[in-house]
Amino acid sequence: MLDVQGLKVNYGAIHAVRGVDFNVEDDEIVTLIGANGAGKSTIVHTLSGMLKAAEGTIKYGDQDLTKMSAAKIVGAGIAQVPEGRRIFSGLSTMENLKMGAYLVPRNEQNDVLANVFDQFPVLKERKNQDAATLSGGEQQMLAMGRALMAQPKLLMLDEPSMGLAPIYISKIFDIIKTINKQGVTVLLIEQNALQALQIANRGYVIANGTVKLTGTGSELLANSEVQKAYLGG
Amino acid sequence: MHTVMQQVINGLSLGSIYALLALGYTMVYGIIKLINFAHGDIYMLGAFWGYYVINTYHVDFIVALLSAMIVTAMAGMIIEYLAYRPLRNSPRITALITAIGVSYFLENGMSYLFGANTRNFPQVVKQHNFTALGISISNIQVLILVTALILMILLQLIIQKTKMGTAMRAVAVDQEAAALVGINPDHVISFTFGLGSALAGAAGVLIGLYYNSIDPLMGMTPGIKAFVAAVVGGIGSVPGAAIGGFLIGLLETGVQAIGLSAYKDAAVYIVLILILIVLPAGLLGKNVKEKV
Ligand SMILES: Nc1ncnc2c1ncn2[C@@H]1O[C@H](COP(=O)(O)OP(=O)(O)O)[C@@H](O)[C@H]1O
Ligand SMILES: [Mg+2]
């Protein structure tokens, strides 16, 4: 479904991503793990069309995402749940969700909304509340719900467990599994390597803007280097 | 008591002009953090357009008002496209200085093309004064107030209830997150300029009717006062700009009424300074708290 080859991305003189290859197949959960500053967010932002690739290709089906605008990429079925949630404060929960469906025809929005409310009942309870008043975990669910409103085929989540209470963290990972079972392919960025690898089909270890290791979730969990560097032992 | 009521009516009429102008300042600031110093000149363009269509085509008030709004909306969008969009990623001071440049360009361009002289605005609506309980109010004052209120209600409906209005608020909060849901921020910013400029154009036609005279520099002082109104209300806040506008109008007529005409502008700035000392974010402004 997604095939990234030789991707390089710079911020001026800073080479943040230095030649990355990876792919995501239909219905998989693929995770990119790695330390802070490794280049993970830069990769997803480039996939979303927010940053320009200096080199390399990003094939999505027969489309090349490096040549498409952010809006076109969303329209093609790729949604991102950005790091830090980035919900629209001052807008209600409902308005946030509606913005998620910005490119979805109005007559399809109700079905999608019903589905999101099934997945996240708390959002329905809070639908008229200013999104800024939601708790951190609720805001994360809103960010995920907002991305799902675009009816993505590929959902990219950038550190969805960051800064959340432990009960929310396991809930978020459960929901990711459920979403995936419903037919949405997932690209999961995490520093929480243990839980990410447990639910992932495959993973890539990113370090200093390159892929250091790759394998199935269980292979990486068993790998001694991964254990030492990312699993605390 | 009569004189107080009389001044309140005069102040509200003038204030509604400031309010319409202040709305454009605050919306543009809210979305791209630019103080659009050329905004007062858009109001001047609106007044000149009204002057032109009424004299040339003998249209009525409504046609003059609506066509001025369309013309100034387009002018605002063209200015945004040509002057501000290329600077989207430049330091804010660059855009600010460009805005001052655009302002001079419009003032001098109009003076050069059409002459700097003051001209009489055609009185499409014949003035009548009604007197009740010793208070005199003209049909033009009523027209200004009603028009301004209708436009403000429409604006509020657009911002709160429409998809584009919601997108405006979303882009103002987080442009990048907005792009990630498929919103094109450029379109939304362009729309915001169009909306704010249309209100300024309407204000230009209304002031032409109220004061009878227009000239290419007519936007300078009201532009600054409307900016003050937007800051007093809390820059970025739409209801704040409306309240700020009425407040400045009332203050100015009040100061004039007690015989201090010469100090009316100074009074406006003193109020600005006082309000900002007590409420740095303005009356309805948000004290920005970052949620980590
Ligand atoms: N806007 C930016 N400007 C300059 N450098 C940046 C910017 N964003 C990220 N970087 C740098 O790029 C590198 C990769 O960052 P990022 O992709 O955010 O890493 P990760 O998401 O893996 O923590 C880091 O060295 C970071 O400092
Ligand atoms: Mg990151």
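Here is how names work: the chains are called A, B, and so on, in the same order as the sequence lines, proteins then strands, and each is numbered from 1. Just so you know, these numbers come straight off a predicted model, no measurement behind them.
- Within the 4.5 angstrom heavy-atom criterion, only side-chain atoms of B/Val173, from C-beta onward, approach chain A.
- In the displayed structure, A/Lys52 atom NZ is contacted under 6.0 Å by more than 12 heavy atoms of other residues, nucleotides or ligands.
- Counting non-hydrogen atoms of other residues, nucleotides and ligands closer than 6.0 Å to OH of B/Tyr81 gives a total of 12 or fewer.
- Contact annotation for residues 59-80 of chain A against chain B (heavy-atom separation below 4.5 Å, listed by residue number): A/Ala70, A/Ala71, A/Val74, A/Gln80.
- Residues of residues 172-191 of chain A lying within less than 4.5 angstrom of chain B, judged on heavy atoms, are absent.
- Among the candidates A/Gly90, A/Ser89, A/Ala143, the residue making the largest number of heavy-atom pairs closer than 4.5 Å to chain B is A/Ser89.
- The structure places CZ of A/Arg86 at 10.5 Å from CD of B/Gln175, a figure rounded to the nearest 0.5 Å.
- Of residues 101-120 of chain A, those residues lying under 4.5 Å from chain B by any heavy-atom pair are A/Tyr102, A/Leu103, A/Arg106.
- Proximity to chain A is absent for every atom of B/Ala172, based on heavy atoms less than 4.5 angstrom apart.
- Between atom OG of residue A/Ser92 and atom CD of residue B/Gln160 there is a gap of 9.5 Å, rounded to the nearest 0.5 Å.
- Contact annotation for residues 146-163 of chain A against chain B (heavy-atom separation below 4.5 Å, listed by residue number): A/Arg146.
- Distance OG1/B/Thr166 to CE/A/Met99: 4.5 Å, rounded to 0.5 Å.
- Shown here is B/Phe105, whose CZ atom has no more than 12 heavy atoms of other residues, nucleotides or ligands within 6.0 Å.
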